Amino acid sequence: MKHSINPSRRRFFAQTGAGILAYAGMPAWVQAMSGMGDMPHLPPRKASPGFHADVEIDLVCKPSAVSILPGQATQVQQYVAKLIKGPANTLSELPGSYLGPVLRFETGQKIRINLHNQLDEPSITHWHGLHVPADVDGHPQYVIDKGQTFVYEFEMLNRASMNIYHPHPHNTTAKQVYHGLAGAILVNDAEERRLELPGGEYEVPIVIQDRLFNANNQLIYAGHMRDRMMGFYGDRILVNGRPDFQLEVASRAYRFRVLNGSTARIYKLAWDDNSPVTVIGTDGGLLETPIDKPYVMLAPGERLDVWADFSGRKVGSQLVLRSRSFSGVLPGMAGRMGGGMHGSVLPVGSDYPIFSVKVIRQVSDSPALPKRLSQINRYSLKDTANPTKPVPIEISEGPMKMQLNGRPYAFNDVLPSERIPVNTVQLMQIFHGQGGMGMGGGMQHGEGRQGMGMGMRRGADDSAEGGHKMGGMGGGGMGMMMARAHPIHLHGQYFQILSRNLDGGQNRDYATVKDGFIEGGWKDTVLVMPGETVKIIKPFQDFKGLFMYHCHNLEHEDMGMMRDFSVE
Ligand code: C2O
Ligand code: CU
Ligand code: CU
């Protein structure tokens, strides 16, 4: 179906005499506000005869059932893959998991992936972290319907790194990821290979997610406005799709490839015996040198490469990776309650285990941690096209809105500041807009009501409840409603963090998280705390077109906290 305006809207405009021209003349964000800013629906991309793939994969997304908890199997949505061409280690399953197989690629490979949608709803897959052309980046304008196939073709331009594949349909990304559609992508290159880091069974993907199950082992997902504002939180931690995950290891060094695949939950990862977390890489691959951290903050969409050395530990000994307590990522009241309608069982920022490691085998040799890991050319202001005029990414949040640059997502609504000349390096500044930290004058009544309208439209089922809840919370002080942390993600190439600054200096909450940020590596997602301004430097090379940026709290993203950069 081709649609730029849906038929009932069209009728509405005809009846009110406003007509189609009035619609066309409205700014796209006004159209979006009133539910009119529909995506185009394009025919699915086909294979191009001139592209000679080194690797070809059939990737299916479909409904499925997986046994997760004892008893009844859980209905999920799942990626299933088949290797058509390429090295045998390209695909590796995570046994018993709803997660898609780990995809392993090599820098320089030419890759073709045929995505077959067998879900009963539209979807499209995005390669989070990969530097690919706009038409194969999984922009929601490319969603395909049930029974359709979309062909991705690209060359792997990334350095060695861990990335993610997950759906990106407009307004339903969180729901599809929550129901199981996600997987890890590992890229290898020559620079990494020279280090002879732990591989094979000693390199372990650790995908951390939280889920909420009903009494019949079925997944419960957000229906309420409050879940969207705060993000949705489960009370069960799953690692690689399994509850109570335990890894049996030999007494030697391992490489843990950690990914936060939760829709909203932020973790503060630390070992329970207080030994430091040795980090060797971030979203965009290896750091220059390893660093030891007392703990590491990991927000949705972020990755971490951890060197975990169990040599010297006795057979039978155990170590637990925990999420330690912290505060300040959710508004005061919700933070204390734990976030999520159902959620005081596992409050965000409380102290709980993620998974445990048990030493079951003594070995005498273990690789040594390399002193130097990789070469990262640090950008400085003089490398940027706009050293005095950063591209703004303003976080605008209010009682009923989650936006960037003051506007909800709308297709084809590109601000002048969102037009980026191709092959430039840009200074960008992510910050909280006026009113973000409190009610102090930012929010007006009309604005609030418009926001409310948006919320209601998303599902008739939750509108009354959402409205009621929010009204109730108003009494508790709107100021507390406002401030929350947002993991901001930019599509396309990785960026570097130039600086982080906190309004009014550091506070008690910030002190609970500040030692957990890693600034020296390549990133594609950065956790921006309340009151914080983060400056980044990001290259926009090679490809023109629309590249999204959004909050990777996927409930926020689906509420409209997403925009496009038009690289031109
Ligand atoms: Cu992982 Cu646009 O997302
Ligand atoms: Cu992405
Ligand atoms: Cu957010």
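All figures in this text were calculated on a predicted structure; none of them were measured in a lab. Ligands are counted one by one from 1 in listed order, and the atoms in each one are counted from 1 as well.
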- Consider only side-chain N and O atoms of Gln493 and Gln541, and report whether a donor and an acceptor are under 3.5 Å apart. yes
- From atom 2 (Cu) of ligand 1 out to just under 2.8 Å, does an N/O/S atom of His550 turn up? yes
- In His556, the N, O or S atom nearest to the Cu ion (ligand 3) is which? ND1
- Item | Distance, nearest 0.5 Å, that separates CE of Met548 from CE of Met562 | 5.0 Å
- Task: Just give me the atom name: the N, O or S atom of His168 closest to atom 2 (Cu) of ligand 1.
- Result: NE2
- Query: Does His128 bring an N, O or S atom to within less than 2.8 Å of atom 2 (Cu) of ligand 1?
  - Reply: no
- Indicate yes or no: does Glu203 engage Arg104 in a salt bridge with an N to O separation below 4.0 Å. yes
- Query: Are any side-chain N or O atoms of Tyr178 and backbone N or O atoms of Ile220, one a donor and one an acceptor, separated by less than 3.5 Å?
  - Reply: yes
- Query: Any N/O/S atom of His489 sitting less than 2.8 Å from atom 2 (Cu) of ligand 1, backbone or side chain?
  - Reply: no
- In terms of side-chain geometry, is the basic nitrogen of Arg236 or Asp210 positioned less than 4.0 Å from the acidic oxygen of its partner? no
- Message: If you round to 10 degrees, what value do you get for the angle at the Cu ion (ligand 3) between His486 atom ND1 and Cys551 atom SG?
- Response: 130°
- Task: With atom 2 (Cu) of ligand 1 as the reference point, give the N/O/S atom of His491 that is nearest.
- Result: NE2
- Leu546, Val414, Val391, Leu415 screened by side-chain contact (heavy atoms from CB on, under 4.5 Å) with Phe565, the one that passes: Val391
- Task: Could you tell me whether atom 1 (Cu) of ligand 1 has an N, O or S atom of His552 under 2.8 Å away?
- Result: yes
